[in-house]
Amino acid sequence: MAAVLRKLIQGRLPALAGVLCRRSGNEGHLFLNSSGSTLMQPRCGYSSPTESVIVEMDKATGVALLKLNIPPVNSLSLPLLTELAIVLDKLEMDKHCRGLILTSAVPNIFSAGLNLFDMMDKPNEHYSEFWRAVQEIWIKLYGSSLANIAAINGSSPAGGCLLALCSDYRIMANNPHFTIGLNETRLGIVAPFWYDILQWRVHHPPPCLHLFVMALVFRLHVHHPSAMTKVTRAYSTELKISVSYVKQPINWRSHEIYK
Ligand SMILES: CC/C=C\CCC/C=C/C(=O)SCCNC(=O)CCNC(=O)[C@H](O)C(C)(C)COP(=O)(O)OP(=O)(O)OC[C@H]1O[C@@H](n2cnc3c(N)ncnc32)[C@H](O)[C@@H]1OP(=O)(O)O
């Protein structure tokens, strides 16, 4: 580990971090894994062929539990990012799925962030594909129509922190040995500008909280229609504003950047 970090710090890391790659438009691969075989034979709903993302679907609640399962540290390699993207697409299209919880099957580690070996000594084409895959995960998780929660059950530096920030809610195990944050700046990696957007959302939670409150209001409305009609009307405008904040990076204006 130390040797890898030293090599990166010595400046051999290609200055590709933060470069946003254009989408290649090859979304046709969505239901194939990186080697081209079909994906996700049913196992509690879904599973990825290499089990690098374990999916346990609770049919009663419609909540899918996604466990990253690439020991030793769940580093986000191109194959893992690709499989995760495919699983997310599949869940998004499952009309029984209402939400997902992203966690880790590896003890004490949520994710070590981007795979350092995917960022060194590779041809330029690889870097393009890799950063496109990173960006895709951001778009898919943050832009998901499913409620998503990160259950951070271990250390989660850099890109691991990204996964957590992409979720609607974050819950982290209370363990002083678990770390989270942006250590990648020490390696000279500049997080892309959209990372700021994610941080902004976490540091400015009112819209998200507001949505939560609104969900409760609507629920009350269903059970006590007469009492709640006025309240619901009063909040409906606010709700629209909140939704636009919460899903801000995927509105037409910002989405255009990634076409
Ligand atoms: C931020 C999001 C926005 C945009 C993306 C751009 C910015 C993001 C950049 C990144 O994500 S860069 C990656 C930064 N990540 C790190 O620097 C993590 C470094 N790793 C650690 O801090 C620790 O390994 C640990 C995750 C806390 C786990 O510690 P532990 O003591 O349990 O394990 P150990 O250090 O012995 O590692 C075991 C094994 O795993 C290999 N390893 C660790 N991290 C990575 C990694 N990111 N990529 C590839 N491989 C990794 C490590 O080399 C060891 O392998 P070995 O046994 O063969 O030596």
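Just so you know, these numbers come straight off a predicted model, no measurement behind them. All ligand and atom numbering here is 1-based and tracks the order in the structure.
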Check: Among the heavy atoms of Phe110, does any lie under 4.0 Å from an atom of ligand 1?
Finding: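 Outside the 4.0 Å threshold, so no.
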Next item on the list: Give a yes/no on ligand 1: does Cys161 have at least one heavy atom closer than 4.0 angstrom to it?
Entry: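 No; Cys161 lies far enough from ligand 1 that no heavy-atom distance drops under 4.0 Å.
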Checking the N or O distance criterion of under 3.5 Å, is ligand 1 in contact with [X]?
X      : result
Phe117 : no
Met119 : no
Pro72  : no

Is it true that the side chains of [X] and [Y] contain a donor and an acceptor less than 3.5 Å apart?
X      : Y      : answer
Asn69  : Ser52  : no
Ser104 : Asn74  : yes
Asp118 : His126 : yes
Ser77  : Asn115 : no

Identify, by atom number and element, the atoms of ligand 1 in contact range of [X], meaning under 4.0 Å from any of its heavy atoms.
X      : answer
Val73  : 28 (C), 38 (C), 40 (O), 42 (N), 43 (C), 44 (N), 45 (C), 51 (C)
Trp131 : 5 (C), 6 (C)
Gly113 : 11 (O)

Given [options], which has its nearest heavy atom closest to [atom]?
atom                    : options                        : answer
atom 25 (C) of ligand 1 : Leu165, Ile109, Val134         : Ile109
atom 15 (N) of ligand 1 : Ala164, Ala112, Gly160, Ala158 : Ala112
atom 16 (C) of ligand 1 : Val106, Thr179, Asn183         : Asn183

Notebook entry, point to check: For Leu66, which of Asn148, Leu84, Ile101 qualifies under side chain to side chain contact (heavy atoms under 4.5 Å, CB included)?
Noted result: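 Exactly one option meets the side chain to side chain contact (heavy atoms under 4.5 Å, CB included) with Leu66, and it is Leu84.
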Next item on the list: Search all heavy atoms of Gly159 against all heavy atoms of Leu76 and return the closest pair with its distance.
Entry: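 Minimum heavy-atom contact is O-CD1, 3.7 Å.
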Next item on the list: State, to 0.1 Å, how close Met119 and Trp131 come at their nearest heavy-atom pair, and which atoms those are.
Entry: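 Closest approach of Met119 to Trp131, heavy atoms only: SD-CZ2, 3.8 Å.
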Margin query: When you measure from the side chain of Arg98 to the backbone of Thr61, do you find a donor-acceptor pair of N or O atoms at a distance under 3.5 Å?
Written below: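 Confirmed, Arg98 side chain pairs with Thr61 backbone.
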Next item on the list: With heavy atoms under 4.0 Å as the rule, classify the contact between Trp138 and ligand 1 as side chain, backbone, both or neither.
Entry: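 Answer for Trp138: neither.
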